[in-house]
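Report on one structure; see the data block that follows.
These figures come from a predicted structure and were not determined experimentally.
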Amino acid sequence: MDPTDNGGDGNRIVVGVDGSEPSREALRWAVAQARLTGARVDAIMSWEWPGHVAWAGLTPPTAATDETIEGSAQLTLLTTIDETVGPEPQVRIRALTQPGSPVRVLLEAAEGASLLVVGSRGLGGFKGALLGSVSQHLSHHAPCPLVIVRAPEAK
């Protein structure tokens, strides 16, 4: 399924999901916004081969292993959606997996969307003040309005 195909529905919220708590918060926020606006949610998880496969001279990927990785990503995405918003979220959610870097996949999927939503995964000494590299890049290049959702602080 092509994530850029909005099926003629311009009221589409794209949310990046990777299974982390910040991405779960982003999904919750996107679903709540979709309830308010009548939008459809495109929950997207990207996947790519680990970098060491390319430079270590390991066996090159095959179509069969691509299908295995994509199937695993799809299962993770569906499980995350179900655990986060329940089996009947009261909004249309399309679960999509795409090969490629998270930045590229989300930028392409956000073309024509009304909103892009991602979680903030800032790491480092100033964890509370920093954005993750994906959300940082998206904040400069998103083709539509962008919402960056922080996960609640651990107590």
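- Here the side chains of Arg40 and Val91 are not in contact, with every heavy-atom distance at 4.5 Å or above.
- A distance of 13.5 Å separates NE2 of His141 from CG of Leu106, quoted to the nearest 0.5 Å.
- Between Ala73 and Thr97 the shortest heavy-atom distance is C-CG2, 3.7 Å.
- Taking Gln33 as the reference, nothing meets the side-chain hydrogen bond (donor to acceptor under 3.5 Å, both in side chains) condition, with sequence neighbours excluded.
- Under a hydrophobic clustering in which Ile, Leu, Val, Met, Phe, Trp and Tyr are joined whenever their side-chain heavy atoms come within less than 4.5 Å, directly or via other members, Val117 and Val105 fall into different clusters.
- Minimum heavy-atom separation, Ala26 to Gly119: CB-N, 3.6 Å.
- Placement of Ile93 and Leu78 in two distinct hydrophobic clusters is found when ILVMFWY residues are connected by side-chain heavy-atom separations under 4.5 Å, directly or transitively.
- When every heavy atom of Ala95 is checked against every heavy atom of Gln74, the shortest pair comes out as O-NE2, 3.6 Å.
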Begin with the C-alpha distance, continue with both residues' side-chain angles, and end with the deciding distance and a verdict on side chain to side chain contact (heavy atoms under 4.5 Å, CB included) for Arg92 and Val41. CA-CA 6 Å; Arg92 292 178 298 156; Val41 173; over 6 Å; no
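- With a 4.5 Å cut-off on side-chain heavy atoms, Arg28 and Thr84 count as touching.
- With hydrophobic clusters built from ILVMFWY side chains whose heavy atoms lie under 4.5 angstrom apart, Leu96 does not share a cluster with Ile81.
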Evaluate Val147 against Leu115 for side chain to side chain contact (heavy atoms under 4.5 Å, CB included), listing each step before the verdict. CA-CA 7 Å; Val147 173; Leu115 190 61; 3.8 Å; yes
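- For Arg35, the salt bridge (Lys or Arg N to Asp or Glu O under 4.0 Å) criterion is met by no residue, not counting sequence neighbours.
- One finds the OG1 atom of Thr80 at 8.5 Å from the CG atom of Leu27 (value rounded to the nearest 0.5 Å).
- When every heavy atom of Ala113 is checked against every heavy atom of Cys144, the shortest pair comes out as O-CB, 3.4 Å.
- Thr37 is listed as a side-chain neighbour of Asn11, based on a closest heavy-atom distance under 4.5 Å.
- Looking at residues two or more places apart in sequence or on another chain, you find a side chain to side chain contact (heavy atoms under 4.5 Å, CB included) between Pro99 and Trp47.
- Linking Ile, Leu, Val, Met, Phe, Trp and Tyr residues whenever their side-chain heavy atoms come within less than 4.5 Å places Leu77 and Val85 in a single cluster.
- A distance of 7.5 Å separates CD1 in Ile148 from CG in Leu138, rounded to the nearest 0.5 Å.
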Scan the side chains in residues 13-20 for donor-acceptor partners under 3.5 Å anywhere in the protein, sequence neighbours excluded, and list what turns up.
from, atom 1, to, atom 2, distance (Å)
Asp18, OD1, Ser20, N, 2.8
Asp18, OD1, Ser20, OG, 2.6
Asp18, OD1, Ser23, OG, 3.0
Asp18, OD2, Arg121, NH1, 2.8
Ser20, OG, Ser23, N, 3.3

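- The hydrophobic cluster analysis finds Leu36 isolated: no Ile, Leu, Val, Met, Phe, Trp or Tyr side chain comes under 4.5 Å of it, directly or through other members.
- Taking all atoms of both residues into account, the shortest heavy-atom contact from Ser120 to Ser135 is CA-OG, 4.3 Å.
- Residues Val149 and Ile44 do not share a hydrophobic cluster, defined by chaining ILVMFWY side chains whose heavy atoms lie under 4.5 Å apart.
- For the residue pair Arg12 and Ala39, the shortest heavy atom distance occurs at N-CB, 4.3 Å.
- The closest side-chain donor-acceptor pair between Gln98 and Ser46, if any, does not fall under 3.5 angstrom.
- With contacts defined as side-chain heavy-atom distances shorter than 4.5 Å, the pair Pro145/Leu116 does not qualify.
- Residues Ser139 and Leu146 form a side-chain contact, since some pair of their non-hydrogen atoms from C-beta on lies under 4.5 Å apart.
- Note that the OG atom of Ser133 and the CD atom of Gln136 stand 9.0 Å from one another [nearest 0.5 Å].
- The salt bridge (Lys or Arg N to Asp or Glu O under 4.0 Å) pairs that include a residue from residues 77-91 are Arg24-Glu83, where partners are two or more places apart or lie in different chains.
- Leu75 meets the side chain to side chain contact (heavy atoms under 4.5 Å, CB included) test with Thr79; sequence neighbours excluded.
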